[in-house]
Amino acid sequence: MKYFLRVIVVLLVATSVIFVFSNNYRKSKIADSIVLTTQKIGEATEKADTRILVAENEESGYKLYKDNGTVILCKDDVEQSFDIWYPSVSSHTPELYYNDFDDDGEKELLIIMISNSISYYSGKTDYFNAAVLVDGVKESDDSSKEFITITAGVDSWKAPFTSAIKCEMNQLISCDKYIQFVMDDVSSEFVYDEATGISSNKYVYYARALKNGNGSYAQLERWQKGACKYSVSDDGKIKLDITVLAYYKDIAKPQILGCIDMTMHTVKDKFDIVPKSISFIADDAYFCSDPRVSATEGWTKVIKNSAQPASVQDTDIDWIDAELSLPNGYNQTTVSFAGMTSEIKNVDRIEINEGALTLYAKEGYAFSNRALSSYSVTAKIGPKESYDISYSCKIDSINGENALTVYFDKTYNFEDLKSITVKYGV
């Protein structure tokens with residue numbers, strides 16, 4: 001096993017969240033010094049009445065107690081105290097996992113415990129954590145026994161990660177909706193297209209930028225790597241997420257954009273990164289499709305509305321909320337919007353193509369400019385739930401008809417958009 005002191009540079013990034021550091025960030029580096037203030041107890045003695053069991057793993061027999069300002073790790077006839085763990089264990093119950101984390105055919109104990117507090121701007125508090133791997137027992141010359149422990153703390157990833165891997169975040173020139181995150185090894189150059197800003201590097205990922213008060217996309221100013229969180233996946237692997245924040249001009253609060261995700265293991269008594277396991281994952285709220293993948297051909301579908309308008313008094317259309325199924329096998333269909341609840345009833349027809357959706361108002365009706373900053377077209381694409389594919393919106397007169405057009409963030413194949421939801425003024 002290895003301490004987390006070097007990074008294997010081989011990257012194969014598979015396709016999102018820095019947390020905001022609290023002003024009350026606890027200065028005690030619990031995780032980083034987690035094994036420096038331990039005390040060997042030796043063989044187990046009779047337990048005092050003050051000893052309280054806080055966590056155990058029944059399969060392995062490991063137990064954690066707290067007692068009079070210290071934490072005691074026990075297994076069979078071995079006990080060892082860890083004074084520095086006490087504040088963490090007293091505030092949050094540690095998680096104990098038992099699995100083969102170093103691929104040697106034998107299981108080890110992994111303890112994940114809270115280290116320092118962090119806060120969201122929303123007021124919600126979250127926490128850094130640290131990972132301690134317990135890989136059996138060693139016996140000293142005096143016949144006393146102690147656990148073999150290896151620690152990965154809240155900051156131990158920073159130096160090796162940045163010495164081997166470089167990252168860059170920017171906003172596309174061609175469509176400022178897209179935030180582009182590029183990772184590569186330190187010896188590689190970042191290369192961008194002058195017209196679009198799209199990177200030609202191998203490890204490139206995308207997320208959606210924040211909007212400002214007028215409904216357009218805000219200008220990215222900077223980004224930051226921050227807190228790490230260790231966890232264990234369903235298949236028993238040690239995971240590390242490094243959270244990522246994006247900061248925008250004229251927006252006070254940063255965006256929790258996503259996380260740099262990797263798998264950890266231990267090799268020759270040290271923590272290390274599993275090769276080909278590093279990726280950037282956008283937060284679900286800001287997930288978007290890859291702008292480099294576009295429609296292979298043009299297409300157009302038309303949905304005509306046979307229903308009568310909802311109201312003859314209110315002719316302003318400022319509320320659209322409708323889920324639509326696009327015609328499959330033919331280019332035009334007629335349906336009734338009478339059963340829908342929004343002012344979609346006042347729309348004569350909807351035309352959809354690879355790059356835009358246009359709603360035409362019925363005669364005597366018009367789309368309201370008051371709702372122009374509130375619109376979306378969502379579609380389910382790939383493994384994610386439905387997400388917003390819209391980019392801009394305008395009201396115009398097309399051949400004498402009042403029309404609302406929502407332009408997409410790129411062109412899409414028809415197969416990607418068989419079912420979409422359009423909202424306006426919602």
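Computed from a prediction, not measured in an experiment: that's the story for all the values here.
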| said: Quick one: does any side-chain atom of D321 pair with a main-chain N or O of S342 as donor and acceptor, under 3.5 Å? | reply: no
| field | Where K345 and F337 come nearest, the two heavy atoms and their spacing | value | CG-O, 3.4 Å
| said: Between W299 (side chain only) and N331 (backbone N and O only), is there a donor and an acceptor less than 3.5 Å apart? | reply: no
| said: I'd like to check I350 versus I344 (side-chain heavy atoms, cut-off strictly below 4.5 Å). Are they in contact? | reply: yes
| request: Check whether any side-chain heavy atom of Y391 lies under 4.5 Å from a side-chain heavy atom of K410, and answer yes or no. | output: no
| salt bridge (Lys or Arg N to Asp or Glu O under 4.0 Å) between E79 and K145, intermediate numbers included | CA-CA 8 Å; E79 294 186 356; K145 298 176 181 179; over 6 Å; no
| said: Can you confirm if the aromatic rings of F287 and Y387 lie within a centre distance of less than 6.0 Å? | reply: yes
| message | If we count only N and O atoms by modelled type, under 3.5 Å, do the side chains of Q180 and N170 hold a donor and an acceptor together? | response | yes
| field | Stepwise side chain to side chain donor-acceptor pair (under 3.5 Å) check, D388 with S376 | value | CA-CA 6 Å; D388 189 3; S376 67; 5.0 Å; no
| query | Between atom OG1 of T296 and atom CD of E354, what is the distance when rounded to the nearest 0.5 Å? | reply | 10.0 Å
| message | Check whether E343 reaches the backbone of F367 with its side chain - one donor and one acceptor, N or O, closer than 3.5 Å. | response | no
| Is any side-chain heavy atom of L172 closer than 4.5 Å to a side-chain heavy atom of T196? | no
| Stepwise, does the side-chain contact (heavy atoms from CB on, under 4.5 Å) test hold for I256 with L245? | CA-CA 5 Å; I256 301 172; L245 281 177; 3.9 Å; yes
| field | Distance-only polar pair, side chains of T300 and N353, donor-acceptor under 3.5 Å | value | no
| request: May I ask you to decide if V134's main-chain N or O and E108's side chain share a donor-acceptor pair within less than 3.5 Å? | output: no
| request: Using modelled atom types only, decide if a donor and an acceptor are shared between the side chain of N99 and the backbone of G236 within a distance under 3.5 Å. | output: yes
| task | Evaluate whether atom CG of N68 has more than 12 neighbouring non-hydrogen atoms of other residues, nucleotides or ligands under 6.0 angstrom away. | result | no
| Quick check: are there more than 12 heavy atoms from other residues, nucleotides or ligands sitting under 6.0 Å from NZ of K301? | yes
| query | With a 3.5 Å cut-off and no angle check, do the side chains of D83 and T70 form a donor-acceptor pair? | reply | yes
| task | Could you tell me whether a side-chain N or O of D100 sits under 3.5 Å from a main-chain N or O of G105, the two making a donor and an acceptor? | result | yes
| Looking only at heavy atoms, which two atoms of I179 and R208 are closest? And how far apart? | CG1-C, 4.4 Å
| request: Taking all non-hydrogen atoms of both residues into account, name the closest pair between S390 and Y217 and its distance. | output: O-OH, 3.7 Å
| Pick from T378, T421, I420: which one makes a side-chain contact (heavy atoms from CB on, under 4.5 Å) with S386? | T378
| Test log, rule salt bridge (Lys or Arg N to Asp or Glu O under 4.0 Å), inputs D261 and K239 | CA-CA 7 Å; D261 175 84; K239 304 294 291 184; 3.2 Å; yes
| Interatomic distance, I273 atom CD1 to I278 atom CD1 [nearest 0.5 angstrom] | 4.5 Å
| request: For the residue pair L326 and S419, establish whether any side-chain heavy-atom pair is separated by less than 4.5 Å. | output: no
| said: Could you check whether any side-chain N or O of Q332 sits under 3.5 Å from a backbone N or O of V302, counting only pairs where one atom can act as donor and the other as acceptor? | reply: no
| Do you know the tightest heavy-atom contact between E106 and D102? | O-OD1, 4.0 Å
| message | Please give me the minimum heavy-atom distance between L257 and A207, naming the atom from each residue. | response | CD1-CB, 3.6 Å
| request: Any chance you could measure E194, atom CD, to I173, atom CD1, to the nearest 0.5 Å? | output: 8.5 Å
| note | Interatomic distance, OG@S289 vs CG@D409, rounded to 0.5 Å, equals 7.0 Å
| query | Centroid-to-centroid, F280 to F181, below 6.0 Å? | reply | yes
| said: Is any side-chain heavy atom of M169 closer than 4.5 Å to one of V244? | reply: yes
| field | Taking every non-hydrogen atom, the tightest pair across S60 and L109 | value | OG-CD1, 4.4 Å
| Does NZ in K211 sit with more than 12 non-hydrogen atoms of other residues, nucleotides or ligands closer than 6.0 Å? | yes
| request: Output, in order, the C-alpha distance, side-chain angles, deciding distance and verdict of side-chain contact (heavy atoms from CB on, under 4.5 Å) for R292 and Y206. | output: CA-CA 10 Å; R292 297 170 297 180; Y206 295 94; 3.8 Å; yes
| said: I need the single residue from S368, S373, S374 that forms a side-chain contact (heavy atoms from CB on, under 4.5 Å) with R370. Which is it? | reply: S368
| Distance in Å, M262 CE paired with S277 OG, rounded so as to fall on 0.5 Å steps | 7.0 Å
| task | Look at the side chain of S91 and the backbone N and O of P87, then say whether any donor-acceptor pair between them is shorter than 3.5 Å. | result | yes
| message | I need the D416 CG to I389 CD1 distance, nearest 0.5 Å. | response | 8.5 Å
| field | Steps toward side-chain contact (heavy atoms from CB on, under 4.5 Å) verdict (V377, Y407) | value | CA-CA 9 Å; V377 174; Y407 296 96; over 6 Å; no
| said: Please tell me whether Y248 and Q219 have a donor and an acceptor in their side chains that are separated by less than 3.5 angstrom. | reply: no
| said: For K237, is the NZ atom crowded, meaning more than 12 foreign heavy atoms sit under 6.0 Å from it? | reply: no
| query | Is there a side-chain contact between Q224 and Y247 (heavy atoms, below 4.5 Å)? | reply | yes
| task | Would you tell me whether T358 and T405 have side-chain atoms, one donor and one acceptor, within less than 3.5 Å of each other? | result | yes
| query | Regarding E168 and Y192, is there a side-chain donor-to-acceptor distance under 3.5 Å anywhere? | reply | yes
| field | Side chain to side chain, L404 and C393, heavy atoms closer than 4.5 Å | value | yes
| Verdict with reasoning, I260 to D241, per side-chain contact (heavy atoms from CB on, under 4.5 Å) | CA-CA 6 Å; I260 302 169; D241 289 336; over 6 Å; no
| said: Using side-chain heavy atoms (C-beta onward) and a distance below 4.5 Å, is L417 in contact with F408? | reply: yes
| said: Given 3.5 Å as the limit, does a donor-acceptor pair link the side chain of N201 with the main chain of E189, or not? | reply: yes
| query | Has the side chain of S90 got a donor or acceptor atom that lies under 3.5 Å from a matching backbone atom of Y86? | reply | yes
